[in-house]
Amino acid sequence: MKTHWYKDAVIYQVYPRSFADGNGDGVGDIPGIIGKLDYLKDLSVDAVWLSPCYPSPNDDNGYDISDYRGIHPEFGTLDDWKALRDGLHARGMKLIMDLVVNHTSDEHPWFVESRKGKDNPYHDYYIWRDGSNGRHEPPNGWGACFGGSAWEWDETFRQYFLHLYSKKQPDLNWRNPKVRQEVADICNYWLELGCDGFRCDVIPQICKTFSADGKNDKNICADGWFDYIRELGERSWNNYDTMIVGECVGVDHKMAPNIHGEGTGLLDSVISFDHLPWSRNFRLPRWKEIIRRWQTLPEHCWWSQYWENHDQQRSVSRFVKPGFEKMGAKMLLTLEMFLRGTPYIYEGQELGMVNIKLCPDEFMDIQSVNMLRGAKNAIARFFKYRHLLMRARDHARTPMQWDNSPNAGFTTAPTPWMKVNPNYTTVNARTEAADPDSVLNYTKRLLRVRKGFVELLKHSQYTDLAPDSRRFYAYRQTVPDDKSLVVIALFGKTAKHFSLPEVLRGHQSRLVVSNNLNAPERLSDGRFLPYEVRVYELGR
Ligand code: GLC
Ligand code: CA
C-alpha cells in the first residue's frame, strides 16, 4: 500500500494559529489557509503538515486535545477541513495531520471519566500511581517539560497522575489495549477522511516502564514500544499510502536505525534534535559532525531535516550574524535542500523571518510564561528573559508576514492573538514576490531545482569535504558511477577563499544554484562572499 512518496517531497509546516486569519478575529484558521493554497503551490512544496487544529483548551496551543475527531471552532469546521484537504489534493499536495497521543487534554472526556472513580472504564486510560513509599511524594523524579514535577496529586484518589508536559496534558496509558485501539481508530478516522499521514508528537515517549525502586524508570522507547508501533501500523498506518514521521525526542543517531525506516514496520522517518545547537554554542565543525551522523545512517533510514518548526527559534537568528539575514536565509535553505531525507520548511522560513524582540509580558507560550513565573528573584528572571529572547518557542509563532499592510496582512482584526514582528514592512510575501533577489523567489527557484535531484538524493552517499573547516561547510552527495552534487557554503561575515579539495578537481561541473548572482559557472577555487552558497552538479 505504501509508495513512500515522502521521499520525493518537501513538506511545509503550517501552524494554524499564526498562518492566516480568514474571519478577522485575530486568530489564524482553516479558511485562512485555504486562501493561501495557490501561494503554497507556487512555492512548489509537496505536502503540508498541519499542526493540531482539533478542539483544545489551548493550554499548549492545541497540543492538548479534547476531541480527536473534531476541528476547534476557532479554526473552522470539519467541512472547512474537507475543503482544505480537497484544495491541497486538487493541487497535487498531500496533507499530514499532527497526531498527539502521548497525552490528551485534562478536559478530554476520557480524563474527565478517569477521574470519576477507580472502577470507571476510563480510569486506566491514564497513568495513576501511588506516592513513593506510600507517602505523598511523587513516584519518581521525572520533571515536566514545562516546569515542576511530572506528577500531579489527585486528592480524591490520593494518587498521582503522570504528565510529561503541562499538568493539563495527562499521559495516556498505552499498556491498556483499549487506549491502543482508540488511537488506531482515530488514525483510521482521519485516513478514511483522506489525510495522507501523521507527524507523531513525542512518539518515543508513549510508553513507560517503572522499576521497583524508581531508579530505572524509562520513558523513551520503553518496553513494548516496538510492539505498540507495529500494531498501530498493522491496524491503521500501513493500510493506506501514508507518511508516518515521528518527533523523536530522546533519540540519537545510534537508536534511530532501530525505530524507523523502510521495511521496519515502524516509523517512516525521524525528526531529531541534536543538530539544533544553542546559537552561542554554535561551532561549525561540531554541527557538521552531527549532520554527518544523520546523513550516513544505514540505507533503510530516512531523516527529516529541518532548521525550524513551531518549537524553535528562527534559523536565521540562530545561525547567521546580524546584517546578513538575507544571504544567510538563502544559504541555510540551500544546505537543507540537498541533504538526504525529507526537508521541512516552516511557515515564514521561505521569507527569511527572524526572531522577535518581546517584552517579558508579551510571551504567550506556556513554556516561556512558566519559565518567567518560576524565576525565584529579579536576577533569575533577567537571565530567563535573556534566554527566552533567543530560545523561546514564541519566535516561531508570530503571525505570518503576508504584506506590508497593518498586522502584516495576517488579520483584519485590530490586534492579532500574538504580536507581529515589526520587520514585516520589508520581510513579507508580497514585497518579496516583486523582488527577484528576495528570499522567497530564491526559495521557489531552489525547490524547483531540487526536483531534478530527487532521485539522486534518494540513493546518494554523503561526504563532508571539509570536516575541520571552521568557516566552510562543503558536502558531496554521490551515487556510485553517476553524477554527484557538491554544496559549498561560507559561514561568517567576512569573505574567504575556498580551495578545492583534490577529489573535486578534474570533473565536469555545472552551477545549479547559488545566492550569489556572480558565482562561477564551473566549480573552482575562489573567494566566497559572507554566507554565500554554491551548488554544482558534477559529472562522473
Ligand atoms: C511536541 C510539540 C510541542 C508540544 C509538545 C507536547 O514537542 O512539538 O509543541 O508542546 O510536543 O505536546
Ligand atoms: Ca480566525
Side-chain angles (χ1 to χ4, degrees), residues 13-36 49-54 56-66 68 71-77 80 84 96-106 108 144-147 150 162-172 198-206 219-220 245-251 270-273 276 304 306 308-313 344 346 364-371 391-397 399-400 407 409-418:
Q13 184 189 352
V14 169
Y15 193 69
R17 278 193 103 62
S18 305
F19 192 61
D21 177 14
N23 67 351
D25 65 355
V27 177
D29 47 47
I30 295 178
I33 306 171
I34 295 173
K36 302 296 181 187
W49 150 24
L50 184 62
S51 274
C53 56
Y54 316 98
S56 161
N58 277 332
D59 192 49
D60 184 16
N61 279 0
Y63 282 88
D64 47 322
I65 298 172
S66 52
Y68 285 97
I71 297 295
H72 196 304
E74 65 185 350
F75 294 144
T77 62
D80 291 327
L84 171 64
I96 303 288
M97 297 290 280
D98 217 309
L99 181 70
V100 188
V101 287
N102 173 69
H103 44 266
T104 69
S105 161
D106 66 342
H108 191 290
C145 187
F146 303 140
L162 178 68
H163 61 90
L164 293 179
Y165 292 85
S166 97
K167 61 181 177 202
K168 284 187 66 59
Q169 293 168 297
D171 280 47
L172 282 165
F198 299 103
R199 174 268 186 189
C200 307
D201 193 67
V202 300
I203 197 76
Q205 296 188 310
I206 52 168
N219 64 24
I220 302 287
V245 51
E247 189 208 16
C248 291
V249 281
V251 169
V270 294
I271 294 175
S272 58
F273 289 87
L276 293 177
S304 283
Y306 71 102
E308 290 187 20
N309 65 28
H310 65 292
D311 294 332
Q312 301 292 336
Q313 62 184 99
Y344 293 68
Y346 179 69
M364 309 286 290
D365 174 32
I366 177 171
Q367 193 170 40
S368 314
V369 171
N370 283 359
M371 195 179 270
R391 294 280 287 191
R393 308 197 297 181
D394 303 76
H395 295 298
R397 302 178 181 185
M400 176 73 176
N407 292 321
F410 161 74
T411 179
T412 52
T415 324
W417 77 276
M418 171 148 196

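Computation of the quantities below employed the complete heavy-atom set of this structure, encompassing side-chain atoms and omitting hydrogens, waters and symmetry-equivalent molecules. In each ligand, atom 1 is the first atom listed, and ligand 1 is the first ligand listed.
For the atom pair I220 CD1 and I203 CD1, the distance stands at 11.5 Å (nearest 0.5 Å).
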Any protein N or O within less than 3.5 Å of an N or O in ligand 1? List each pair with its distance, or say none.
{"unit_1": "ligand 1", "atom_1": "7 (O)", "unit_2": "E247", "atom_2": "OE1", "d": "3.2"}
{"unit_1": "ligand 1", "atom_1": "7 (O)", "unit_2": "E247", "atom_2": "OE2", "d": "2.8"}
{"unit_1": "ligand 1", "atom_1": "8 (O)", "unit_2": "R199", "atom_2": "NH2", "d": "3.0"}
{"unit_1": "ligand 1", "atom_1": "8 (O)", "unit_2": "H310", "atom_2": "NE2", "d": "2.8"}
{"unit_1": "ligand 1", "atom_1": "8 (O)", "unit_2": "D311", "atom_2": "OD2", "d": "2.5"}
{"unit_1": "ligand 1", "atom_1": "9 (O)", "unit_2": "H310", "atom_2": "NE2", "d": "3.0"}
{"unit_1": "ligand 1", "atom_1": "9 (O)", "unit_2": "D311", "atom_2": "OD1", "d": "2.7"}
{"unit_1": "ligand 1", "atom_1": "9 (O)", "unit_2": "D311", "atom_2": "OD2", "d": "3.4"}
{"unit_1": "ligand 1", "atom_1": "9 (O)", "unit_2": "R393", "atom_2": "NH1", "d": "3.3"}
{"unit_1": "ligand 1", "atom_1": "10 (O)", "unit_2": "D60", "atom_2": "OD1", "d": "3.3"}
{"unit_1": "ligand 1", "atom_1": "10 (O)", "unit_2": "D60", "atom_2": "OD2", "d": "2.5"}
{"unit_1": "ligand 1", "atom_1": "10 (O)", "unit_2": "R393", "atom_2": "NH1", "d": "2.9"}
{"unit_1": "ligand 1", "atom_1": "11 (O)", "unit_2": "D201", "atom_2": "OD1", "d": "2.9"}
{"unit_1": "ligand 1", "atom_1": "11 (O)", "unit_2": "D201", "atom_2": "OD2", "d": "3.1"}
{"unit_1": "ligand 1", "atom_1": "12 (O)", "unit_2": "H103", "atom_2": "NE2", "d": "2.9"}
{"unit_1": "ligand 1", "atom_1": "12 (O)", "unit_2": "D201", "atom_2": "OD2", "d": "2.8"}

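Using a 4.5 Å cut-off on side-chain heavy atoms (C-beta onward), N58 and H72 make contact.
Defined by atom type and a distance below 3.5 Å, a donor-acceptor pair is present between the side-chain atoms of N61 and Y15.
A salt bridge links R397 and D311; the closest N-O separation between the charged side-chain nitrogens and carboxylate oxygens is under 4.0 Å.
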*Verify side chain to side chain donor-acceptor pair (under 3.5 Å) between D98 and Y63, making sure each step is shown before the conclusion.*
CA-CA 9 Å; D98 217 309; Y63 282 88; 2.7 Å; yes
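Panel detail: the Ca ion (ligand 2) has protein N, O or S atoms under 3.0 Å away, 5 in number.
For the pair A396 and N309, the tightest heavy-atom approach, listed with the atom from each and the gap, is CB-O, 3.2 Å.
Aromatic ring orientation, H310 versus W49: perpendicular (interplanar angle above 60°, classes split at 30° and 60°).
Of the listed residues (K168, R393, Q367, H103), just one forms a side chain to side chain donor-acceptor pair (under 3.5 Å) with D60, and that residue is R393.
Of the possible polar contacts, none joining the D29 side chain to the G76 backbone as a donor-acceptor pair under 3.5 Å is found.
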